[in-house]
Enquirer: 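Would you mind keeping the following structure in view while I ask a few things?
What you see below is based on every heavy atom in this structure, not just the backbone, and it leaves out hydrogens, waters and symmetry mates. Being a predicted model, the structure only gives us computed values, none of them experimental.
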Amino acid sequence: IVPALGAKTVEAVSAALEKPEVADARDVLRDWSKAGARVAGACTATFAWITRPPRWPMNRGAQLTLGHVGDSRAYFWTHDGALRRLTQDHQLPPPDDHVLSNCIGGGFTTSVWSASVTVTEPGVLLLCTDGLTKQVTDDALVRIFGAAAGLDDGVTRAVRAAEAWPESDNVTLVAMRINPAAPFPL
């Protein structure tokens with residue numbers, strides 16, 4: 001990921017994008033939010049898509065665009081084992097940090113955070129729900145994926161670790177390798 005992410009993570013990528021595809025995704029989530037307001041509960045979403053920068057391969061890397069609402073998360077796990085969190089949870093400050101400040105449905109007005117970063121090194125993009133991150137710490141994710149026989153094994157181990165807790169929430173984890181040097185980066 002761009003070197004600025006090392007220290008600033010979200011601050012380095014928080015410039016809002018006005019690309020048509022991001023605007024379309026925001027519209028879909030806003031429509032979903034309005035529909036969700038008529039049903040009980042609320043939910044969160046984190047989504048990503050990967051494209052080539054203009055004039056590739058002269059411009060190296062892959063363009064990773066993220067959209068985020070709530071407390072689902074996106075991470076980038078680098079080849080050297082560093083786990084970088086790309087999103088911030090939309091929650092109230094302590095002691096009310098269990099309450100979402102932004103979500104889809106539940107009568108809230110949804111604000112979709114979006115950003116784009118250039119991935120310049122191979123790694124793994126992780127998208128996960130709070131059912132995973134409430135039970136499995138960032139350090140534990142690094143240990144689990146570091147010890148796994150492969151990506152599928154890492155996902156299976158992380159989900160099982162979260163589901164082992166008696167009060168586990170819905171657990172979803174999607175992992176995809178990104179190789180920015182390849183003609184097709186996934």
Enquirer: Any luck finding a side-chain donor-acceptor pair between Q91 and S101 under 3.5 Å?
Expert: no

Enquirer: Rounded to the nearest 0.5 Å, how far apart are CZ of F76 and CG of L125?
Expert: 7.5 Å

Enquirer: Out of curiosity, does V171 fall in the hydrophobic cluster containing L83 (side-chain heavy atoms, cut-off under 4.5 Å, transitive links)?
Expert: yes

Enquirer: Could you list the residues that satisfy side-chain hydrogen bond (donor to acceptor under 3.5 Å, both in side chains) with D96, not counting sequence neighbours?
Expert: none

Enquirer: Could you give the side-chain donor-acceptor pairs of residues 131-145 under 3.5 Å, partners two or more places apart or in another chain?
Expert:
unit_1: K134; atom_1: NZ; unit_2: D130; atom_2: OD2; d: 3.0
unit_1: T137; atom_1: OG1; unit_2: A140; atom_2: N; d: 3.0
unit_1: D138; atom_1: OD1; unit_2: Y75; atom_2: OH; d: 2.7

Enquirer: Any idea how H68 and H90 line up, ring-wise: parallel (<30°), tilted (30 to 60°), or perpendicular (>60°)?
Expert: tilted

Enquirer: Please tell me whether M176 and L66 are part of a single hydrophobic cluster in this structure, the criterion being side-chain heavy atoms less than 4.5 Å apart.
Expert: yes

Enquirer: Measure the spacing between CD1 of I50 and CG of N179 and express it to the nearest 0.5 Å.
Expert: 11.0 Å

Enquirer: Rounded to the nearest 0.5 Å, what separation is found between the OG1 atom of T46 and the CG atom of L126?
Expert: 12.0 Å

Enquirer: Can a donor-acceptor pair be found between the side chains of Q63 and T118 at a distance below 3.5 Å?
Expert: yes

Enquirer: Can you sort out the partners of D89 under salt bridge (charged side-chain N to carboxylate O under 4.0 Å, His left out), two or more places apart, ordered by chain and number?
Expert: R73, R85

Enquirer: Looking at N170, is its backbone amide N or carbonyl O close enough to the side chain of T129 to form a donor-acceptor pair, meaning the two atoms are under 3.5 Å apart?
Expert: yes

Enquirer: Same cluster for W49 and V124 if Ile/Leu/Val/Met/Phe/Trp/Tyr side chains link at under 4.5 Å?
Expert: no

Enquirer: Identify the heavy atoms of L127 and A74 that sit nearest to each other, and give their distance.
Expert: CD2-CB, 3.6 Å

Enquirer: Rounded at 0.5 Å granularity, tell me how far CG in L100 sits from OG1 in T44.
Expert: 7.0 Å

Enquirer: If two hydrophobic side chains count as joined below 4.5 Å and joins carry through other members, does V119 share a cluster with W77?
Expert: no

Enquirer: May I have all residue pairs that pass salt bridge (Lys or Arg N to Asp or Glu O under 4.0 Å) and include part of residues 146-155, sequence neighbours excluded?
Expert: D153-R157

Enquirer: From S116 OG over to L64 CG, what is the distance, rounded to the nearest 0.5 angstrom?
Expert: 7.0 Å

